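Below: one structure, written as structure tokens.
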Amino acid sequence: MTEKDQRMDSESPPADPRLLGPPWLTVESGLYILLVLLAAALRFSALGRQPLQEQEATLALDAWRFYTGGAAAIRGHSPLLFHGNVLFYLLFEAGDYVVRVLPALAGTAMVGLSYLLRPHLGRRGALIAAAFLAFSPSFVFFSRLLNGDIIIAAASLALVAGIFGYARQGRPWQLYMAAAALAISLLAGGAAYLTLVALAGFFLATVFRSRFTKGTDSSTAQAWFSEKPRPGVALTALGIFVALFLLVATGLLVNLHGLQAALDLFSGWVGQFSPASDTQPWNYYLALLVTYELPILLFGLAAACYLTRCDAFSAFLVCWLAVSLVLYSIMGTKPPSGILHMLTPLALLAGRAVGDLLRQVREGEQWLWARLTVVVSIPAVAHLVIQMAAFGNPDDPGDPRYLVLILLSLFFLLCVTLIAGVLSLDWRTSLRSGALLILVVLAGLMVHVTWRLNYYRPGNPLETLVEKPTSSDVRNLAGAIEDFSNQQERQRDSVSITVSGDEDPLVGWYLREFSNLAFVSGAVLSPTPVVITGLEEDPHLPDYRGARFRVQTSWQPSGLPGHDLVNWFLFRESLSRPEYRDVVMWVAPESEQ
């Protein structure tokens with residue numbers, strides 16, 4: 001796309017005074033509002049349905065202890081998430097829904113931030129990128145977890161939009177937004193430094209190229225270094241960064257230990273590069289992208305192949321993607337949420353690619369054939385998506401009739417595409433029509449995967465993004481102890497509880513209301529009315545009655561044979577059994593209560 005095409009694509013037509021409503025309410029802005037509302041619905045609906053995972057429970061429990069005045073450690077946690085949850089506990093009530101509100105807000109904000117990238121991605125490209133961010137399985141999933149990586153992804157998007165926007169338009173608010181986004185990202189997690197590495201590497205490469213090409217490169221990136229921010233604007237941006245960093249890190253100057261916790265995030269992120277005994281393979285994130293984000297991956301890579309030399313912003317997105325993919329591939333510890341840092345530039349590249357495709361279809365000489373191809377293929381595409389969803393139904397998987405119908409639909413789409421290319425006498429029309437059909441099919445499958453991952457079977461341990469899901473049995477455990485305490489003590493949280501072993505954040509979070517809760521390491525346990533032990537432990541408590549509860553489940557797809565691997569990919573089912581962690585609740589007999 002040339003610079004002239006970008007200006008034409010990013011400029012809005014003049015407002016018609018005869019139209020009703022405010023001037024800012026256009027079809028384009030209305031679509032952004034609709035996407036933001038849909039994204040919010042996907043992220044906030046049933047947000048507390050799944051129990052907290054172990055890492056979530058650790059942060060939520062420490063924040064709750066700080067809120068209630070107890071001893072709590074902020075070291076090792078994100079100060080933003082820690083103090084943000086303390087604030088939400090003050091405004092609302094501690095619970096599984098409340099602790100995930102901040103990530104859900106960040107995931108929703110990412111969709112709206114795409115609007116600021118219209119000068120770089122084009123109007124259509126930015127809108128498609130917003131749609132990718134709204135419905136992506138990974139973005140929706142991690143927006144529904146207490147995790148700092150989704151906040152880093154949102155803040156990085158605002159940081160990039162602010163920097164490139166200020167370089168292009170020179171508006172002070174864009175630099176202020178970049179400063180605030182930088183402070184938020186550095187307080188959300190150590191992975192924020194990855195974006196800084198990508199920005200620094202790209203700027204250094206730009207300087208190096210501009211000096212050694214002897215002025216032959218007319219890239220707009222050279223103009224960035226000829227104009228510096230005005231002193232007043234730069235000082236204001238620096239003040240915003242410092243003030244926001246200090247206030248959030250210290251919880252409005254209440255918890256000064258948050259400053260050290262913020263500095264520790266960098267060393268913690270660097271420590272992830274150390275070799276780990278249970279490390280994932282180097283292609284772990286590529287496997288996640290193929291499994292969950294195929295449309296974004298395909299169109300993003302296609303854009304990376306032809307957009308690198310088109311403009312500075314596209315070149316930076318390719319650089320951002322390459323740095324993220326390389327660094328996270330060589331990490332010793334590979335958290336599933338790391339996929340967000342390579343998925344963010346991929347989604348923007350994919351949006352730009354699809355936007356260019358739509359523009360070429362509209363402006364092409366044979367645009368009528370391309371549109372007719374899409375219109376004729378819509379019923380076949382709908383039929384294909386429905387049959388693929390039915391074929392991948394875990395309740396009735398693998399019916400051969402569905403597979404035959406899928407193959408027939410694909411054959412019909414191929415024939416329509418080829419016929420359109422022959423009749424139009426332009427092979428490019430056939431390719432564009434085929435790309436649009438692939439986009440529609442993969443978009444339907446993406447929505448299906450998003451629904452299955454986050455709503456249909458949200459705690460399925462065979463989903464590799466889920467890692468170690470917590471069983472809903474932990475809530476049953478807490479409910480059983482509350483009922484026992486109410487029966488014996490006439491209060492739901494007054495019974496004494498002894499838990500065998502080191503502190504378990506899952507048990508501690510769901511039993512946080514019990515003041516007489518103690519974790520004891522050793523063979524001899526105190527004979528309190530309630531004792532919780534591991535499944536294989538013998539508590540030596542005669543006459544106590546026991547009940548078994550499941551806490552966690554884990555499963556890894558490594559080492560699966562070919563048939564089992566295909567079965568897992570299609571239906572998320574496997575012949576290999578997951579591993580479980582169970583506990584036993586022992587209650588004292590009535591004679592000893």
Side-chain angles (χ1 to χ4, degrees), residues 52-60 62 73-82 102-103 106 138-139 141-143 145-157 159 182-201 245 249 258-289 291-293 319-346 463-469 505 552 554 556-558:
L52 299 188
Q53 295 186 8
E54 185 173 357
Q55 189 175 12
E56 295 180 282
T58 302
L59 194 156
D62 284 340
I74 190 175
R75 298 286 293 272
H77 295 312
S78 158
L80 176 66
L81 290 175
F82 186 91
L102 196 57
S138 301
F139 279 114
F141 178 77
F142 289 108
S143 297
L145 291 182
L146 181 56
N147 186 285
D149 284 303
I150 186 64
I151 300 178
I152 296 173
S156 298
L157 192 61
L159 173 65
L182 178 59
I184 291 174
S185 64
L186 293 178
L187 292 169
Y193 293 95
L194 183 145
T195 307
L196 297 183
V197 170
L199 283 168
F245 188 90
L259 282 176
Q260 185 60 50
L263 298 178
D264 290 342
L265 293 177
F266 175 73
S267 60
W269 180 69
V270 173
Q272 290 183 304
F273 290 91
S274 301
S277 57
D278 57 346
T279 182
Q280 297 285 356
W282 67 270
N283 59 345
Y284 173 65
Y285 292 109
L286 288 176
L288 289 181
L289 289 171
T291 303
Y292 294 99
E293 305 292 348
C319 176
W320 188 5
L321 171 63
V323 170
S324 303
L325 189 57
V326 171
L327 290 183
Y328 270 89
S329 295
I330 64 177
M331 270 188 175
T333 303
K334 296 180 175 65
S337 56
I339 190 178
L340 299 179
H341 305 295
M342 55 203 74
L343 192 59
T344 302
L346 262 179
E463 296 283 0
T464 50
L465 279 183
V466 179
E467 202 172 22
K468 292 184 178 180
Q552 270 183 320
S554 61
Q556 291 294 335
S558 58

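Everything numeric here is computed off the predicted structure, so don't read it as measured data. Worth knowing before you read on, the calculation uses all heavy atoms, side chains too, and leaves out hydrogens, waters and symmetry mates.
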Ser78 side chain to Leu187 backbone, donor-acceptor under 3.5 Å: yes

CA sep, side-chain torsions, deciding dist, call: Trp320, Leu199, side-chain contact (heavy atoms from CB on, under 4.5 Å): CA-CA 8 Å; Trp320 188 5; Leu199 283 168; over 6 Å; no

If we only count heavy atoms from C-beta on, is the Pro79 to Leu265 side-chain gap below 4.5 Å? yes

In this structure, are over 12 heavy atoms from other groups packed under 6.0 Å from Gln272 atom CD? yes

Considering all heavy atoms, the nearest Cys319-Ala198 contact: SG-O, 3.9 Å

Are the side chains of Leu194 and Ser324 in contact, using a 4.5 Å heavy-atom criterion? yes

Please enumerate all residues that pass ring pair (Phe, Tyr, Trp, His ring centres under 6.0 Å) together with Phe82, with sequence neighbours excluded. Phe66

If I take atom CG from residue Leu80 and atom OG from residue Ser185, how far apart are they, to the nearest 0.5 angstrom? 10.0 Å

Return the OG1 to CG distance between Thr195 and Leu182, rounded to the nearest 0.5 Å. 9.5 Å

Do you know the tightest heavy-atom contact between Glu467 and Pro336? OE1-CD, 3.6 Å

Minimum heavy-atom separation for Tyr292 and Thr464, please, with both atom names. OH-N, 3.1 Å

d(Leu343 CG, Leu321 CG) to nearest 0.5 Å is 9.5 Å

Tell me yes or no: between the side chains of Gln280 and Tyr285, is some donor less than 3.5 Å from an acceptor? no

Among Leu59, Leu102, Leu52, which residue satisfies the side-chain contact (heavy atoms from CB on, under 4.5 Å) criterion with Leu146? Leu59

With heavy-atom distances below 4.5 Å as the criterion, would you say the side chains of Leu465 and Leu288 are in contact? yes

Using the side-chain hydrogen bond (donor to acceptor under 3.5 Å, both in side chains) rule, pick out the option among Asp62, Asp264, Thr58 that qualifies with His77. Asp62

Chi angles and distances behind the side-chain contact (heavy atoms from CB on, under 4.5 Å) call for Phe141, Glu463: CA-CA 11 Å; Phe141 178 77; Glu463 296 283 0; over 6 Å; no

For Ala191, check side chain to side chain contact (heavy atoms under 4.5 Å, CB included) against everything at least two apart and list the hits. Asp149, Ile152, Trp269, Tyr328, His341

Set out, in order, the CA-CA distance, both residues' side-chain angles and the distance that settles side-chain contact (heavy atoms from CB on, under 4.5 Å) for Phe273 and Thr333, then state yes or no. CA-CA 7 Å; Phe273 290 91; Thr333 303; over 6 Å; no

Can you tell me how far apart CD1 (Ile339) and CZ (Phe142) are? Round to the nearest 0.5 Å. 7.0 Å

Working to the nearest 0.5 angstrom, can you tell me the gap between Ile184 CD1 and Phe245 CZ? 12.0 Å

Determine whether Ser138 and Glu293 satisfy the following criterion, side-chain hydrogen bond (donor to acceptor under 3.5 Å, both in side chains), listing intermediate values before the conclusion. CA-CA 8 Å; Ser138 301; Glu293 305 292 348; 2.8 Å; yes

In chain order, what residues pass the salt bridge (Lys or Arg N to Asp or Glu O under 4.0 Å) check against Glu56, with sequence neighbours excluded? Arg100

Looking at CG of Asn147 and CD of Gln53, how far apart are the two atoms once the value is rounded to the nearest 0.5 Å? 9.0 Å

